[in-house]
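Below you'll find the structure, written out as structure tokens, and then a few comments.
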Amino acid sequence: MNNNNLTDKPYILLTPGPLTTSSGVKSAMLKDWCTWDNEYNSLVQDMRKRVLDVAEAGDDYTMIPMQGSGTFSVEAVLTSVVGENEKVLILSNGAYGDRMKTICDTAKVKNTIYKIEQTETYDLSHLESILKEDKEITHVAVVHCETTSGILNPIKEIGAIVKNYNKTFIVDAMSSFGGIHFSIPEYQIDFLISSSNKCIQGVPGFGFIIARKSELLKCEGKARSHSLDIFDQWKVMESGNGKWRFTSPTHVVRAFYQALLELEAEGGVKAREKRYTENQDKLVKGMDTLGFKAIITLEKQSPIITTFYAPNHPDYKFENFYSKLKEQGFVIYPGKLTKEESFRIGNIGEVYPTDIDTLINSIKNSMFWR
Ligand SMILES: *Cc1c(COP(=O)(O)O)cnc(C)c1O
């Protein structure tokens, strides 16, 4: 190998996707599978069923995996579900909400946006007035945990309003599904999107959609893209008993299946949420002793990722801080807020409270600017 900087030295990823996976998940990828073989296709069917169980979704729902990163699945939903004469209201308080608008604008999906500050959540009465006034709106799309900041949006309350006005409800739960406990039917979600490499703790390679069947059936012929058509993907998968339309990311699916078994062994989503919450709690308290303050207030903060104000010191540079931490085995995330200088630390994946203790110590050793 020519690249002398490339080493196999492991580090813990505190970046929420891809994240640190278990050795069980990594080892599950050592076999090559045939994409249309029966044994593999029944694994796919079992995987789909298990995801619906995680979502506490009954027979009214189905699970559709889609090749590509999570964004491909967001795009697949927006371009397959919102028809030519329909219009989606996008709620945005961060980069992932904004991305939904970019997707719609690019694919010429009619849309409008309710955009607020990245550190705030939505005014529900304002949401109601938008739905009351703009009669063209047929769908509402929102991000659950906005990974840009780590803020948690009140999707249950939003869903209640959306359904009061009889609209289709789309939720990007990419970074919360499997890590925060909720029931899809109870939250009245019609299309939920997540991916293999977030709280289920698999490796990157595909996204998935949990769809209310009655809503999915309305999507036939609506898609603006052939490869991202979720209706067609679903139809072929149902009739072929777990066969993907095009080449399936076989190793990734096998690893994801192992990750689902490990989620169950941990005690399910509630147990996982408890571990993540402990991680996050320890992180914020530890960072506080070092003088770092979280930007999102406690009531709105998710147990997934936390944004901290960057130190207000002339010698501080994120790149140097990042490198010093990486030398000690931790990789963190740059900030993504538009107004504040910040950095982010994720706490999902194969990461335990003792790792957070070690992290806090490593951060203390990395504060070169003091
Ligand atoms: C990770 C993430 C995505 C998808 O990102 P990809 O890089 O395409 O996998 C979308 N929305 C949210 C909220 C996310 O956290």
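For ligands, and for the atoms within them, numbers begin at 1 and follow the listed sequence. Keep in mind the model is a prediction, meaning the values are calculated, not measured.
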Where on Ser195 is there a heavy atom closer than 4.0 Å to ligand 1, on the side chain, on the backbone, on both, or on neither?
neither
For a side chain to side chain donor-acceptor pair (under 3.5 Å) with Glu238, tell me which candidate from Arg48, Gln233, Lys243 qualifies.
Arg48
Tell me the nearest of Gly346, Gly97, Gly70, Ala173 to atom 9 (O) of ligand 1, using heavy-atom distances.
Gly70
Report, in ascending order of atom number, the atoms of ligand 1 lying under 4.0 Å from any heavy atom of Ser175.
15 (O)
To the nearest 0.5 Å, atom CD1 of Ile180 lies from atom CD1 of Ile155 at 8.5 Å
Do His144 and Phe182 have ring centroids that are under 6.0 Å from one another?
yes
Quick one about Ser175 and Lys198 (side-chain donor to acceptor, distance below 3.5 Å, no hydrogens or angles considered), yes or no?
no
State whether the number of non-hydrogen atoms from other residues, nucleotides or ligands found under 6.0 Å of Leu30 atom CG is greater than 12.
yes
Considering non-hydrogen atoms of the protein only, which is the closest contact for atom 1 (C) of ligand 1, and what is the distance?
Lys198 NZ, 1.3 Å
Which residue owns the protein heavy atom closest to atom 7 (O) of ligand 1, what's the atom, and how far is it?
Ser69 OG, 4.1 Å
Just checking Phe72: does its CZ atom have more than 12 heavy atoms from other residues, nucleotides or ligands closer to it than 6.0 angstrom?
no
Give me the nearest non-hydrogen protein atom to atom 11 (N) of ligand 1 as residue plus atom name, then the distance to 0.1 Å.
Asp172 OD2, 2.7 Å
Using a strict cut-off of 4.0 Å, indicate which atoms of ligand 1 neighbour a heavy atom of Thr147.
12 (C), 13 (C), 14 (C), 15 (O)
Give the numbers and elements of all ligand 1 atoms closer than 4.0 Å to a heavy atom of Cys145.
13 (C)
Tell me whether Phe368 is reachable from Tyr322 by hopping between hydrophobic residues (I, L, V, M, F, W, Y) whose side-chain heavy atoms are closer than 4.5 Å.
yes
Winner among Val74, Val143, Ile193, Thr71 once heavy atoms are compared against atom 8 (O) of ligand 1
Thr71
